[in-house]
A.B. asks: 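My questions all concern the structure below.
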Amino acid sequence: MAENKVNQVLLNPKRLVGADLGAWLEAGGGRGLQVALDNPATIVATLEAAGLGGMGGAGFPTWRKWEAAVNAKSKNGGKYVVCNANEDEPGTFKDRFLLEHTPHQVIEGTLIAAVACRANHVVMYINPHQKESIAAVGAAIGQWRQHELFAQIETYLGEPLSLKLVETSGRYIGGEETAVVSWLNGGFPFPHRKPPYPAESGVNDDPTLINNTETFANVPNILANGAEWYRGLGEGGAAGTKLYSLSGDVLKPGLYELPMGTTLKELIFEHGGGMLEGRAFKAVFTGGPSNTLLTAKDLDVPLDFISVRERHSSLGTGAMIVISEGTSVVRKVCEYVEFFATNSCGQCPPCKGGTFQLSRLLHRVDSGVATDDDLHALQNLCRLLPHSGRCGLIDGAVTVTQSSMRTFPQEYGLSEAPQSF
């Protein structure tokens, strides 16, 4: 892959100016917001034409969320835009990098959303463990409030615009969008079933648009350069670029911005430098630790939402945790399921108890003391637990457990992969 296709937009060195609004504007910042103010009715259509998907998980079309928020009627005189920067999943570190090194790129995206939706509240919702992110965004917010473009937004809205930073609960579950709403309403970050969706009834029962940090960071560039430009950045039929958090048993772990659709092989063996010396590739946890494992037969998969889904996995946040031969899959899965068990909010008994039991049984397998009854119990839990919670936490724990049992049954002491769960 040509070198000029690496870090060309979000991580372009010219845009990594920190909390310096003047430097951001000199680097071309502000143009997207000005386009939005000049043509607010075209913002959503431009995002649709660009094919921008949500970068926090499932890749849901961004324009659909924005359109719903645009059309929703306020009950209490407000509309909210929330940048979800709760990022707390193992292997994912892209959002904190954006907030620390290019906060104005993200904030400008949220301000464009405020123009599109006629929202009078913008909230930067940031994990309290990310001290550097909080410091950078706090400084950046102060600069935006004093700038002429911010005044233009308020003139367009016909009322003051609230732009503030709110620290999250610091809990993993706090990143689920209905939990975001609950926390911002002053409650515990408990997820709830949908509908209603936040775009219909969110913070203060008003329409609330919630997107991931990376999603918002893309918006100013799309508005400034056009939908066709953004689509042209991708490989094959994919649009735009993607941030990949590469970690694990590779020579050059790190954050890479590459064309959406870059193959898994290119990411690991070209940009990541390949495996650690003397190690052979074994598998990769894609999109964080809550998805189906990909193995050597999947190295050709283009890393875009559709292609990875066709391999029965998910691109998710773009996290890629690589493991080598000689690394115990069971031990890694055990660590991740323990993370889920620890971070269950406890609201749904099947989730709280189920993740605990999965973790307990996986520890027995990892310790070499599991019995046939333990393995049967593990498979039964994988059959019973899916969709039993109000959010996807339990499903993620089950998915990675099922996948590891199917793909590496010998590590569980099984002679063959389970036929069904």
A.B. asks: Tell me whether the count of non-hydrogen atoms from other residues, nucleotides or ligands lying under 6.0 Å of CG in Leu251 goes above 12.
C.D. replies: yes

A.B. asks: If we count only N and O atoms by modelled type, under 3.5 Å, do the side chains of Thr263 and Asp300 hold a donor and an acceptor together?
C.D. replies: no

A.B. asks: Within the supplied structure, the quantity of interest is the number of heavy atoms (other residues, nucleotides, ligands) at a distance under 6.0 Å from His312 NE2; does it exceed 12?
C.D. replies: no

A.B. asks: Output yes when a side-chain donor or acceptor of Asn120 lies under 3.5 Å from a complementary backbone atom of Glu159, and no otherwise.
C.D. replies: no

A.B. asks: Answer yes or no: is there a donor N or O on one side and an acceptor on the other, between the side chain of Thr155 and the main chain of Ala151, under 3.5 Å?
C.D. replies: yes

A.B. asks: Charged N to carboxylate O below 4.0 Å: is that the case for Arg96 and Glu87?
C.D. replies: yes

A.B. asks: Compute whether any side-chain donor of one residue and acceptor of the other, for Thr317 and Thr92, lie under 3.5 angstrom apart.
C.D. replies: yes

A.B. asks: Think Arg118 forms a cation-pi with Tyr156, using NZ or CZ under 6.0 Å from the six-ring centre and within 45 degrees of its axis?
C.D. replies: yes

A.B. asks: Do you see a donor-acceptor pair shorter than 3.5 Å between the side chains of Ser359 and Glu338?
C.D. replies: no

A.B. asks: Using only heavy-atom distances, determine whether the side chains of Thr286 and Ser313 contain a donor-acceptor pair under 3.5 Å.
C.D. replies: yes

A.B. asks: Is the shortest side-chain N to carboxylate O distance from Lys332 to Glu335 below 4.0 Å?
C.D. replies: yes

A.B. asks: Can you tell me if NZ on Lys194 sees more than 12 non-hydrogen neighbours from other groups inside 6.0 Å?
C.D. replies: yes

A.B. asks: For the residue pair His147 and Trp144, does the interplanar ring angle fall in the parallel (under 30°), tilted (30 to 60°) or perpendicular (over 60°) class?
C.D. replies: perpendicular

A.B. asks: So, the side chain of Tyr172 versus the backbone of Leu393: is there a donor-acceptor pair under 3.5 Å, distance only?
C.D. replies: no

A.B. asks: Please tell me whether Glu257 and Asn7 have a donor and an acceptor in their side chains that are separated by less than 3.5 angstrom.
C.D. replies: no

A.B. asks: Are any non-hydrogen side-chain atoms of Asn86 and Val180 less than 4.5 angstrom apart?
C.D. replies: no

A.B. asks: Could you tell me if Asp304 and Ser307 have a donor-acceptor pair between their side chains, going purely by distance under 3.5 Å?
C.D. replies: yes

A.B. asks: Strictly below 4.0 Å, N to O, side chains only: are Asp205 and Lys75 in salt-bridge contact?
C.D. replies: no

A.B. asks: Salt bridge check, Lys265 against Glu270: does any charged N sit closer than 4.0 Å to a carboxylate O?
C.D. replies: no

A.B. asks: Give a yes-or-no answer on whether the side chains of Gln34 and Asp38 include a donor-acceptor pair shorter than 3.5 Å.
C.D. replies: yes

A.B. asks: Would you kindly say whether Lys94 and Asn212 are connected by a side-chain donor-acceptor distance under 3.5 Å?
C.D. replies: yes

A.B. asks: Between the side chains of Glu108 and Trp24, is a donor N or O closer than 3.5 angstrom to an acceptor N or O?
C.D. replies: yes

A.B. asks: Decide, yes or no, whether a salt bridge links Glu411 with Lys282 under the criterion of side-chain N to carboxylate O below 4.0 Å.
C.D. replies: yes

A.B. asks: Measure up the Phe285 and Tyr336 rings against each other and bin them: parallel (under 30°), tilted (30 to 60°), perpendicular (over 60°).
C.D. replies: perpendicular

A.B. asks: Is a donor from one side chain sitting under 3.5 angstrom from an acceptor on the other, for Arg360 and Gln357?
C.D. replies: yes

A.B. asks: Kindly check if the number of other-residue, nucleotide or ligand heavy atoms within 6.0 Å of CZ (Arg311) is above 12?
C.D. replies: yes

A.B. asks: Looking at CG of Leu385 and CD of Gln402, how far apart are the two atoms once the value is rounded to the nearest 0.5 Å?
C.D. replies: 9.5 Å

A.B. asks: Is it true that the side chains of Asp206 and Ser74 contain a donor and an acceptor less than 3.5 Å apart?
C.D. replies: yes

A.B. asks: Checking side-chain polar atoms at under 3.5 Å, does Tyr197 have a donor or acceptor matched by the opposite partner on Thr178?
C.D. replies: no

A.B. asks: Establish, from distance only, whether the side-chain atoms of Asn221 and Trp229 form a donor-acceptor pair under 3.5 Å.
C.D. replies: no

